[in-house]
Amino acid sequence: MKKEFRFKITNTLLLFILIVAIASCGPHKRKDGRTDTYSSGVISFASDESFSPIVDEEREVFESLYPKAKVKPIYTDETDAVNKLMQGKIYLVITSRDYSKKEYANLKSRRFMPVAIKLAYDGLALIVNKNNTDTCLTIHQIKDILTGKISNWKQINPRSRKGTIQVVFDRNGSSAVNWCVDSLLKGKPFKKQDIMAAKGSKQVIDYVQKTAGAIGIIGSNWLNDEGDTTNTTFKKNITVVSVSRMQKATPYNSWKPYQYYLYNGNYPLIRTIYALLNDPLNALPWGFAHFIESPQGQMIIYKTGLLPMNGDITVRDVNVNNN
């Protein structure tokens, strides 16, 4: 009887160990409810809407390589995206700036380990209506337009009949807005009344296409003609403005945000694309961010017409015969 009792206890103990072992083989559910690993699971992350063409391509390839992983982008403005990260609602943001000193200190004080990874260089592009012939602007003219000193196309070209200059950004609080205020105007606010925000980069292009006096300001990854794999042709329905550092802009001292002019620094309005991470588990947000900075992820960036942060780039001289 005693032996039988011991046998039952032993079997019960073995059954308990077996159940625990089986449970440990499944997804480990942490206190925060997350079950993702470096290459599996489901997470949401935020990105400034202006980078959605790049992010969509990176996401598609990443998920094809790691079929157990699902990364869901939230396309919003830069301000909202970073706020979500600071509040712990997400763990990854794709944007055009590093952490501020205040943000970094805040996260460190809460015993986090925030990391900023540089992914690529992007040109902030100015676009105008295709019938507008004033397609060369200086940095000083752009600043004066944003601060209201220049409000009419006649102040740029006395013969222009385009009237009031209407500036349109993709969104309030977007990376384009923040970059112009922080980097171009050195913290000074916009003072021009005719500045508006659309609902996205596509809407900026549509508005400029229909509005003779408009200037749109968007990320250059929205400009490429989808049918051109060489990234040397911009969309036909708008005109991309050439920008000069000189006091007077001419076709000979002004540059468009082509990949090569980002590479050699000729184009003046260059910004850096970052992955901001605050993932204490080093799980799927890290996996996706590191994929983008990997050689395969950097090649995707290169093919979109932007300048990858890492990678060997070969520059060749090409003779063009126009005859």
Side-chain angles (χ1 to χ4, degrees), residues 24 26-52 54-59 61-63 65-66 68-122 173-175 178-179 182-183 187 270-301 306-311:
S24 65
H28 179 59
K29 192 168 184 178
R30 308 174 182 100
K31 290 182 179 180
D32 58 6
R34 290 177 60 184
T35 59
D36 57 296
T37 70
Y38 193 83
S39 59
S40 68
V42 179
I43 57 107
S44 294
F45 68 98
S47 170
D48 187 89
E49 183 272 341
S50 66
F51 302 127
S52 60
I54 305 169
V55 171
D56 282 343
E57 291 200 35
E58 297 281 4
R59 179 179 57 83
V61 176
F62 178 78
E63 290 180 349
L65 293 173
Y66 303 99
K68 292 183 179 180
K70 186 74 174 177
V71 288
K72 299 179 179 180
I74 302 169
Y75 292 124
T76 182
D77 60 81
E78 180 178 80
T79 303
D80 179 59
V82 175
N83 284 341
K84 282 182 168 60
L85 183 75
M86 297 299 295
Q87 295 164 7
K89 295 179 179 178
I90 54 171
Y91 306 97
L92 169 65
V93 167
I94 308 297
T95 188
S96 67
R97 69 169 178 86
D98 199 344
Y99 289 103
S100 68
K101 291 182 180 180
K102 185 177 180 180
E103 290 164 348
Y104 188 82
N106 178 284
L107 292 172
K108 291 286 286 184
S109 69
R110 291 189 276 153
R111 298 186 179 182
F112 289 112
M113 297 291 290
V115 174
I117 301 174
K118 294 181 179 180
L119 300 175
Y121 294 108
D122 172 39
S174 71
S175 62
N178 292 340
W179 191 92
D182 296 337
S183 300
I270 299 176
R271 57 185 183 164
T272 306
I273 302 176
Y274 289 86
L276 301 185
L277 280 157
N278 187 41
D279 180 13
L281 302 179
N282 290 355
L284 192 53
W286 276 86
F288 183 52
H290 286 314
F291 169 76
I292 300 176
E293 70 165 345
S294 73
Q296 189 167 5
Q298 293 287 285
M299 181 56 68
I300 294 170
I301 288 174
L306 300 189
L307 187 65
M309 181 59 63
N310 305 309

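In this chain, numbering begins with 1 at the start of the sequence shown.
Environment of CZ in F291: crowded, with over 12 heavy atoms of neighbouring residues, nucleotides or ligands closer than 6.0 Å.
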- Message: Checking Y121 against M309 for the side chain to side chain contact (heavy atoms under 4.5 Å, CB included) test, could you report, in this order, the C-alpha distance in whole Å, the side-chain angles of both residues, the deciding distance, and whether it holds?
- Response: CA-CA 7 Å; Y121 294 108; M309 181 59 63; 3.4 Å; yes
- Worked check of side chain to side chain contact (heavy atoms under 4.5 Å, CB included) between E58 and I94: CA-CA 12 Å; E58 297 281 4; I94 308 297; over 6 Å; no
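Not counting sequence neighbours, the partners of S100 by the side chain to side chain donor-acceptor pair (under 3.5 Å) test are E103.
Checked by atom type, the side-chain pair S175/R271 shows a donor-acceptor distance below 3.5 Å. No side-chain N or O of Y99 forms a donor-acceptor pair with one of N106 less than 3.5 Å apart.
Side-chain contact between K102 and M86: absent, with no pair of heavy atoms (C-beta onward) separated by less than 4.5 Å.
Note: T95 OG1 to E78 CD = 3.0 Å, rounded to the nearest 0.5 Å. Atoms CD1 and CG, from I74 and D80 in turn, are 8.5 Å apart once rounded to the nearest 0.5 Å. In this structure, CD1 in I54 is found 6.0 Å from CD1 in I301, a value given to the nearest 0.5 Å. Taking OG from S174 and CD from E49, the interatomic distance works out to 8.5 Å, rounded to the nearest 0.5 Å. The structure places CG of D36 at 13.5 Å from CH2 of W286, a figure rounded to the nearest 0.5 Å. From D98, atom CG reaches atom OG1 of T272 across 9.5 Å, with rounding to the nearest 0.5 Å.
When I273, L119, D56 are each tested for a side-chain contact (heavy atoms from CB on, under 4.5 Å) with F51, only one passes: I273.
Nearest heavy-atom pair across A81 and A46 is CB-CB, 3.7 Å. Nearest heavy atom pair, residue V55 against residue F288, reads O-CZ, 4.5 Å. Nearest approach of L284 to D279, heavy atoms of both residues: N-OD2, 4.4 Å. Nearest heavy-atom pair, S96 versus Y274, reported as atom, atom and distance to 0.1 Å: C-CD1, 3.9 Å. Shown here for A289 and I117, the closest heavy-atom pair between the two residues is CB-CD1, 4.4 Å. The minimum heavy-atom distance linking L92 with A275 is given by the pair CD1-CB, 4.0 Å.
Between the side chain of Q298 and the main chain of I292, a donor-acceptor pair closer than 3.5 Å is present.
A cation-pi geometry, defined here as NZ or CZ lying under 6.0 Å from the six-membered ring centre and within 45° of its normal, holds between R34 and Y91.
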